[in-house]
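Below: one structure, written as structure tokens.
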Amino acid sequence: MKKIIVALASLISMAAMAQENTGEMQLSLKQAVENALNYSKQLQSSKHDVDIYKEKIREAISSGLPQASARLGYTTYFGAELKMGSLTSGGGAMLESMGKVFQTLPGIDIDKIVEAANNQTSGGMKMENNLQLTASVSYTLALQQLAGVKVARIAASIYETTDESATVDVKANVTDTYYAILVYKRNLDILASNLKDLEEIEKHTAHSFAAGVCEQTDVDQIHVTVAQLKNTIISTERNYDVTKRLLVLQMGLPITTRITPAESLDAMISETTIATRDSSNFDINNNVTYRQLEKSRQLNEASLKMQKMAYVPTLTASYQFTKNITGGFMSFPNLGTLTLNVPIFQGFARDSRVKQAKLEIAKTDTQMALLQDNLMQNDEQYRYELNSAIDAYLLQKENLDVARRVLDNYKNKYNQGVLSSLDLTQANTNYLSAETSYASAIMTLLQAHTKLNKLYNSFGY
């Protein structure tokens, strides 16, 4: 119910935002992640696996519960007769002794037997068609079945951890895609502003050429630069649209949904991101992959116990009630059995399964030790990458400031007529290159931060 309320609130919020933005849905990073967690098809598939294994637990428990059944059977002898000559050939003494035995048993109609034996002219007793109701209940006490229930429970918990792992993956993927959208959006804003300036310079150069102040090559140079910039904008717009459609798919929304980011790129580069350069809060038990392997080891231990239980005897108790509705002369209404099954020798299969389970535990121990080393190494590596990304970001930010000041200076000189268009276009090219390097440094920085959050399982949403 809580999930339904959250989903409805999210839908209402999205609908309101869509109305306010002429059909485009504005999303913050947190809203994008929440939508992905609610509607992602990848997560829905993972949750189905969890539900399936929950039903497997019920199946395993049911196999250890008492079993009851009822059967209604009809038997016809097609008019056959039971020949009684062999019973009467020994005289009445045999029938008398048989009667003393059978009359103590419930469900035996001895009168019919005696009647058929004494009526030798009929040639025997005609077998009546029989409609019989049988109900039975049984219960088997087997410790191996109880151990199997524990195995099923641990297996289900593994799938729950897998679902959590898929959730972390979705958060990381949506976060990186959202970052990419912000980077493309910033690039488009920069390119559009730069194109506007270049178009003004192109007009100024054309007027200067008409006045005989500059040469045709100056006009051509500016024109080519403007054309190249327009092509760059078209390519960036395509990447921007493709990345937004990717985010829509990751959120599990219809592909026709139009979205736009509600946050700025500068807001993503916060002081908390910079502050993580010297921090290390890695707790390996928070890592989903490590906990998955821990669950696998628990599963192997439970499987070992289950295989050992194959050596333990099983006890089966059953009760059967039989009622002849029509016909029949010989039945036992109540029948109970108690069976103790002691496994003695069944080849070496059980011993082999026990050894396999032990080897699986040893294998998992080795994998856990290896994973722990790898995760510790990843912690060092990712923090190193984040520190390097921060240094590169600060350097590119400074480089961008220098390139922007140089471009502004060259524009002033060009407007004063002391600088050629070739020098101006070169300065503009250097500035756009600095913008590209700066955007790349931002993306690298944010992705490095995402990798650490994924390793620590410490996303704030």
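Keep in mind that the numbers below use all heavy atoms, side chains included, and drop hydrogens, waters and symmetry copies. Counting from 1, the numbers follow the sequence of the chain as shown.
Counting only distance, with no hydrogens or angles, the side chain of Asn428 and the backbone of Leu424 share no donor-acceptor pair below 3.5 Å. The backbone N or O of Leu432 sits less than 3.5 Å from a side-chain atom of Thr436, completing a donor-acceptor pair. Under the 3.5 Å distance criterion, the side-chain polar atoms of Ser433 are left unmatched by any main-chain donor or acceptor of Thr429. Side-chain N or O atoms of Ser437 include none that pairs as donor or acceptor with a backbone N or O of Ala434 at under 3.5 Å. The backbone N or O of Asp189 sits nowhere less than 3.5 Å from a side-chain atom of Ser193 that would complete a donor-acceptor pair. No donor-acceptor distance shorter than 3.5 angstrom exists from the side chain of Asp423 to the backbone of Leu419, with no hydrogens or angles considered. Between the Glu263 side chain and the Leu29 main chain, a donor and an acceptor come within less than 3.5 Å of each other.
Salt bridge status for Glu435 with Arg404: present, with a side-chain N to carboxylate O gap under 4.0 Å. Ion pairing of Asp266 with Arg186 is absent here, as no side-chain N (NZ or NE/NH1/NH2) approaches a carboxylate O to less than 4.0 Å. Salt bridge present: Asp197 and Lys411 bring a charged side-chain N and a carboxylate O closer than 4.0 Å.
The environment of Gln216 atom CD is dense: over 12 non-hydrogen atoms of other residues, nucleotides or ligands sit within 6.0 angstrom. More than 12 heavy atoms of other shown residues, nucleotides or ligands fall within 6.0 angstrom of atom OH in Tyr290. Counting heavy-atom neighbours within 6.0 Å of Tyr74 OH, excluding the residue itself, gives a total above 12. Around CD of Glu398, the count of heavy atoms belonging to other residues, nucleotides or ligands within 6.0 Å does not exceed 12. Annotation for Gln67: atom CD counts as buried by contact number, over 12 foreign heavy atoms lying within 6.0 Å. More than 12 non-hydrogen atoms from other residues, nucleotides or ligands lie less than 6.0 angstrom from CZ of Arg291.
With values rounded to the nearest 0.5 angstrom, Leu370 atom CG is found 12.5 Å from Asp365 atom CG. The line from CG of Leu247 to OG1 of Thr257 is 10.5 Å long, rounded to the nearest 0.5 Å. To the nearest 0.5 Å, atoms CG (Leu253) and OG (Ser40) are separated by 10.0 Å. Rounded to the nearest 0.5 angstrom, Asp241 CG and Arg258 CZ are separated by 9.5 Å. Rounding to the nearest 0.5 angstrom, the gap separating the CG atom in Asp351 from the CD atom in Gln356 is 10.0 Å. The distance from atom CD of Gln44 to atom CG of Asn38, rounded to the nearest 0.5 Å, is 9.5 Å.
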(message) Between Leu386 and Leu445, does the side chain to side chain contact (heavy atoms under 4.5 Å, CB included) criterion hold? Intermediate values first, please.
(response) CA-CA 6 Å; Leu386 179 58; Leu445 170 62; 3.6 Å; yes

(request) Decide side-chain hydrogen bond (donor to acceptor under 3.5 Å, both in side chains) for Tyr178 and Ser28; before the verdict, give the C-alpha distance in whole Å, the side-chain angles of both, and the deciding distance to 0.1 Å. (result) CA-CA 9 Å; Tyr178 194 90; Ser28 65; 5.8 Å; no

(request) Could you please spell out the steps behind the side-chain hydrogen bond (donor to acceptor under 3.5 Å, both in side chains) verdict for Gln416 and Asn412? (result) CA-CA 6 Å; Gln416 296 171 8; Asn412 291 332; 6.0 Å; no

(message) Using side-chain hydrogen bond (donor to acceptor under 3.5 Å, both in side chains), reason through Ser458 and Asn453 one step at a time and then give a plain yes or no.
(response) CA-CA 5 Å; Ser458 60; Asn453 281 337; 3.2 Å; yes

(request) Dump the intermediate steps for side chain to side chain contact (heavy atoms under 4.5 Å, CB included) on Ser165 and Asp169, then the final yes or no. (result) CA-CA 6 Å; Ser165 177; Asp169 289 340; 4.2 Å; yes

(request) Could you please spell out the steps behind the side chain to side chain contact (heavy atoms under 4.5 Å, CB included) verdict for Lys451 and Glu385? (result) CA-CA 10 Å; Lys451 288 172 69 175; Glu385 291 177 0; 2.8 Å; yes

(request) Kindly determine whether Tyr319 and Asn334 satisfy side-chain hydrogen bond (donor to acceptor under 3.5 Å, both in side chains), including the steps that lead there. (result) CA-CA 7 Å; Tyr319 168 76; Asn334 299 289; 2.4 Å; yes

(message) Test side chain to side chain contact (heavy atoms under 4.5 Å, CB included) on Gln132 and Thr134; report intermediate values, then the result.
(response) CA-CA 7 Å; Gln132 188 178 72; Thr134 304; 3.9 Å; yes

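In this structure, Leu335 and Phe321 have side chains that are not in contact, with every pair of non-hydrogen atoms separated by 4.5 Å or more. Residues Tyr179 and Ile442 have side chains not in contact (no heavy-atom distance under 4.5 Å, counting atoms from C-beta outward). Tyr139 places none of its side-chain heavy atoms less than 4.5 Å from the side chain of Thr316. Residues Leu191 and Thr236 form a side-chain contact, since some pair of their non-hydrogen atoms from C-beta on lies under 4.5 Å apart. At a threshold of 4.5 Å between non-hydrogen side-chain atoms, the residues Leu133 and Thr322 do not count as touching. Using a 4.5 Å heavy-atom cutoff, the side chains of Ile269 and Tyr393 are in contact. At a threshold of 4.5 Å between non-hydrogen side-chain atoms, the residues Lys244 and Tyr184 do not count as touching. Residues Arg238 and Ile234 have side chains in contact (heavy-atom distance under 4.5 Å, counting atoms from C-beta outward).
Checking Thr425, Leu195, Asn194 one by one against Val226, the side chain to side chain contact (heavy atoms under 4.5 Å, CB included) holds for a single residue, Leu195. For the side-chain hydrogen bond (donor to acceptor under 3.5 Å, both in side chains) criterion with Gln250, the lone passing option out of Asn35, Thr177, Asp176, Asn173 is Thr177. Between Tyr456 and the options Asp283, Asp379, Asn287, a side-chain hydrogen bond (donor to acceptor under 3.5 Å, both in side chains) holds for only Asp379. Checked options Val354, Ile344, Val342; the residue passing with Tyr311 is Val354 (criterion: side chain to side chain contact (heavy atoms under 4.5 Å, CB included)).
Of all non-hydrogen atoms in Asn187 and Ala439, the two that sit nearest each other are OD1-CB, 3.4 Å. Looking at every heavy atom in both residues, Ala36 comes nearest to Val170 through CB-CG1, 3.6 Å. Heavy atoms only, all atoms of each residue included: Val151 and Ser303 are closest at CG2-N, 3.8 Å. Residues Ala310 and Pro343 approach most closely at O-CG, 3.6 Å, considering heavy atoms.
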